[in-house]
There are 2 protein chains.
Amino acid sequence: MTDDDIATARGGLKPGKRPTINDVARIAGVSKKTVSRVINQSPFVREETRVKVSAVIDELGFTPDVQARGLAFRRSFLVGLIYDNPSPNYVVNMQQGVLDALRGSGLELVVHPCDRANPNLVAEIRAFVERQKLFGVILPPSVSEDEAVIAVLRELDCPYVRIASVSLDEPGRMLVTNDHLGAAEAGRHLADLGHRRIGFISGPALFRSSAQRGGGLRGALAEKGVALDERYVAQGAYTFESGVEAARSLLALDPRPTAIFTGNDEMALGVFKVARDMGLEIPRDLSVVGYDDLPMASRVWPNLTSVRLPIRDMGRMAAEKLLASMRGLDPAKLDQPEVRPSLVVRDSATALTA
Amino acid sequence: MTDDDIATARGGLKPGKRPTINDVARIAGVSKKTVSRVINQSPFVREETRVKVSAVIDELGFTPDVQARGLAFRRSFLVGLIYDNPSPNYVVNMQQGVLDALRGSGLELVVHPCDRANPNLVAEIRAFVERQKLFGVILPPSVSEDEAVIAVLRELDCPYVRIASVSLDEPGRMLVTNDHLGAAEAGRHLADLGHRRIGFISGPALFRSSAQRGGGLRGALAEKGVALDERYVAQGAYTFESGVEAARSLLALDPRPTAIFTGNDEMALGVFKVARDMGLEIPRDLSVVGYDDLPMASRVWPNLTSVRLPIRDMGRMAAEKLLASMRGLDPAKLDQPEVRPSLVVRDSATALTA
DNA sequence: CTCGCCGTTGACACCGGTTTCCTAACGCTT
DNA sequence: AAGCGTTAGGAAACCGGTGTCAACGGCGAG
C-alpha cells in the first residue's frame, strides 16, 4: 500500500460522503468481513493484515456507522438514565457523574424522566428501552426500587445498574448507599448536641431511602437514650415545597422541636424558609441537618450541616459498573461497593442552649 | 382479515421476538413497502388498505425499529443538547423544558456537555453529530455563539436551534432572549432605589450575554444620569466561586458599591456569601440583583431580586422549533419569538438609606 | 376499441454493518 | 509425500427498514 494507492482510492470516493466499510475493504484489498474483524478486535486476523487495514481506516478517517452496527448487533450504543427523583439538583449531579464515566467510551447518554405514579410506567419504559435497544440503563432511586421495571429490563435482556439504599439485586447490578449509617450519624450528632425534641421530615414512602434514613435516625437516638416522638415526624416528598409544608406543621407544635433532620437538602431549605417566616433564627432557635450535601448546602446561610452523599461519584461508579458488564464481566461476580455517607458539620446545627 | 387469520399468523411468529415489518406485510397480505407507506403516512395508500394494515400493526403491537429506519433514512431519532454552560441549575432547567416538548414525539434527548476552551471542540462535536446522525441539536449559550460549531452543523445538514441574546441566524434557527432589556430593567430599578455606586459582575467574555447584560445596565444607568464606574465592574465566570472572588474584589474598594448587579443568580449567591463574611447585611448594607431567576432565587435568604428568564420555557420553545423544522417548515420563514425577561422584585435590593 | 393517464402497489436494490458457513493455505505429523 | 488440523479470509445471507421504478387496473378521451 503506497500513498499513491490511497490517493487514487480517495479520488474514487464521493466527496461529500463518509467512507464506509466497503471503501476500507476495497482500498485495503480485503473483504469487508476482515475489516469488521479488525474493528471488533477479533483475534483471527494476522498482525500484518490488521496493521494494513488499520492504516487505511486511519487514512480515510473511517468510523463505523452506529446505526448499521446497532442494527446488526441488535443493540445501540446508548445508555439510558431513567429517573423519577423530584430534586433537580440530585438529578443533575448524578447525570454529570454518569457523563464523566461515559466520556471517551463511545457511548452517549439518553435522559428519560418518568413518573412512578403513572399507571403506564412499565409500558412506557419498555417502549423506550426496546425501541432504542439501549446498551444499558442506570436507575437512581426510586425507580431503581420498582421490581416491575426491573422485570422488564431483565426480559429485554438490557443490562442495568440500580442505585438504592438497600441491596436488591446481584452485586454487579447494585450500587448501595448505606443511608442507615448516614442518618445514624446525623442522629448521634443532634443527640450529642443536647437535643431531645428532634423532628424528622422524611422523604416519600415510595423511596426506600425514606425508611432507611428514618430507621438510622431512630436507632441512633435510641442508643443515646433519646426517643423519637412520632408527633415530630412528618412526611415530605423530597421537594422544597413539601419541606415548607412539613416544617410548618412541625414548628406549630407545642413544645416545638429544637432540631429537625430532613430526608434531603431540598427540604432542609424549606425548613429554613419557615423558620425565617416564624422569626426563628437558625441555629440559635432551631438546629437543622440535611441529607445529600448538595453543592448548595455550602452556599446558603447558615451553611447547612448535612450528610454527604457523593452523588456525582455515585453516577460515575454506576456507569463504570455498566461498562464493566459490557466487557463481559459477570454481574454476579463483581464486587458491590458500598457508598458510605458521612456527616459534614457546618453551621446549621448547634448545641442546645439551656 | 379475521381474528383467526391473526391468531394463525401470530402463531407463526417466534415468541421472544418483536414483530417486524415483514410480519406485518405477510399477515396483512401486502408488500412491506406498503406497510412502510402506512407507517410514514404516505398519501398514496388507499384508505381501505391503510385501515387493514393499521389493524394488523395494532394487533401485533408493531413498532418500527429505530435503527433500521435510521439507517435507511440516514438520520436517527435523537435530539442532542450540546451545552457548555457552567451553571448546573441553568442546564437542568433547560433540559426539562426540552424534554417537555419532546414527550410523545418519539424523539429522545441525548445530552452532551462540552468545553469551548477545548481545541478539539469542533472535531468532537462533528464526531458526535455525525456518528449519531442526530435528528437535530439544541444549543444554549455560549456554544450557540460559536460559528465554527454552526458551520459544522450546516455542513452535516443537521437542523439546529440556537439560544442566544442576539440574533445570529435565520429566525427559524434562533431563540433570542433580549438580555439588554432585562439588564436595563435591573439598572433602572437600582437607580430608582437611589443607588449611585453600582457594581457589576459580568459573565465570561465568551458569552454574548455578558456584554448584552453589561450594555443594558450601562444604558439604563446613563438614562438615569448615573455613570457606571469601570472600577466597579468585575468579570466572573457564571459560577458561584467566581462570584465569590469578584465580590471580594468589589467590596474591598473604598468607597465600596452600595449595590451589585450580577450576570446570573449563581454569582449573586457568591455575593451573598462574601457579604456575610464581611458582616454586611443584605439588603441593608448592600443591595443585590441577579439574573435568571432560578428556582433557588426564591429559596435563599433574603429572597433574591432577579431578572426572570423562563429557562425551562426556552428549552421547550427551542425544541418545538426543532420539531417544526421536522414538519418541513422552512426555518427562514418561521417567526422568531423574542423572550422578554422581566424583573422580579424581592428582598435583596432596597432603597439606599442616607 | 385502443390509448394514455392516474392512483396504487409491489419487486428489488440499498443503507452499512455482522454472522454463518465455507474454502484455501499453512504447518505439522506419520 | 500424503493426511490432517488450524487459521486467515471471503461470499452470501441477514438485521429491518426505505428508495426507485415498473406494473397494474380502471377510467375518460380519441
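The basis for the numbers below is simple: all heavy atoms, side chains too, and nothing from hydrogens, waters or symmetry mates. Every chain is numbered from 1 and lettered A, B, ... according to where its sequence line falls, protein lines coming before strand lines.
- R162(B) places a side-chain N or O within 3.5 Å of a backbone atom of S144(B) that can act as its donor or acceptor partner.
- Heavy atoms of other residues, nucleotides or ligands lying less than 6.0 angstrom from CD of E147(B) number more than 12.
- The distance from atom CZ of F77(A) to atom P of dG16(C) is 16 Å, rounded to the nearest whole Å.
- When the P atom of dC15(C) is taken as reference, atom CG of D65(B) falls 18 Å away, rounded to whole Å.
- Across the protein-nucleic acid pair, L60(B) atom CG and dG16(D) atom P stand 14 Å apart, rounded to whole Å.
- Rounded to an integer number of Å, the gap from Q67(B) CD to dT18(D) P is 14 Å.
- Nearer the 5' end of DNA chain C, as judged by each residue's closest nucleotide, is the contact made by V30(B), out of R74(B) and V30(B).
- At dT7(D), none of the side-chain N or O atoms of R46(A) fall inside 4.0 Å of OP1 or OP2 (strictly under the cut-off).
- Atom-to-atom, CD1 of I21(B) to P of dC14(D) comes out at 17 Å; the value is rounded to the nearest Å.
- L322(B) and S325(B) get closest at one heavy-atom pair: O-OG, 2.7 Å.
- Of all nucleotides listed (dG17(D), dG17(C), dT18(D)), dG17(D) comes nearest to the side chain of A68(B).
- Between the CG atom of L71(A) and the P atom of dT18(C) there is a distance of 11 Å, rounded to whole Å.
- Residue Q41(A) places its CD atom among 12 or fewer non-hydrogen atoms of other residues, nucleotides or ligands, all under 6.0 Å distant.
- Heavy-atom distances under 4.0 Å link DNA chain C to K32(A), K33(A), S36(A), N40(A) of residues 31-44 of chain A, given in residue order.
- The shortest heavy-atom contact between M94(A) and I311(A) is N-CG2, 3.7 Å.
- For V45(A), the listed nucleotide lying nearest its side chain is dG9(D); candidates were dG9(D), dT18(D), dG16(C).
- Between Q132(B) and V110(B) there is no side-chain heavy-atom pair separated by less than 4.5 Å.
- Looking at heavy atoms from C-beta onward, D146(B) lies out of side-chain contact with I125(B) at the 4.5 angstrom threshold.
- To the nearest angstrom, C1' of dC15(D) lies 13 Å from CG of D23(B).
- In this structure, R75(B) atom CZ and dG17(D) atom P are separated by 20 Å, rounded to whole Å.
- Each end of the helix from dC1(C)-dG30(D) to dT30(C)-dA1(D) gets its own rotation axis from five pairs of C1' atoms, and the angle between them is 60° to the nearest 10 degrees.
- At a threshold of 4.5 Å between non-hydrogen side-chain atoms, the residues P88(A) and V92(B) count as touching.
- Side-chain N or O atoms of R18(A) include one that pairs as donor or acceptor with a backbone N or O of T63(A) at under 3.5 Å.
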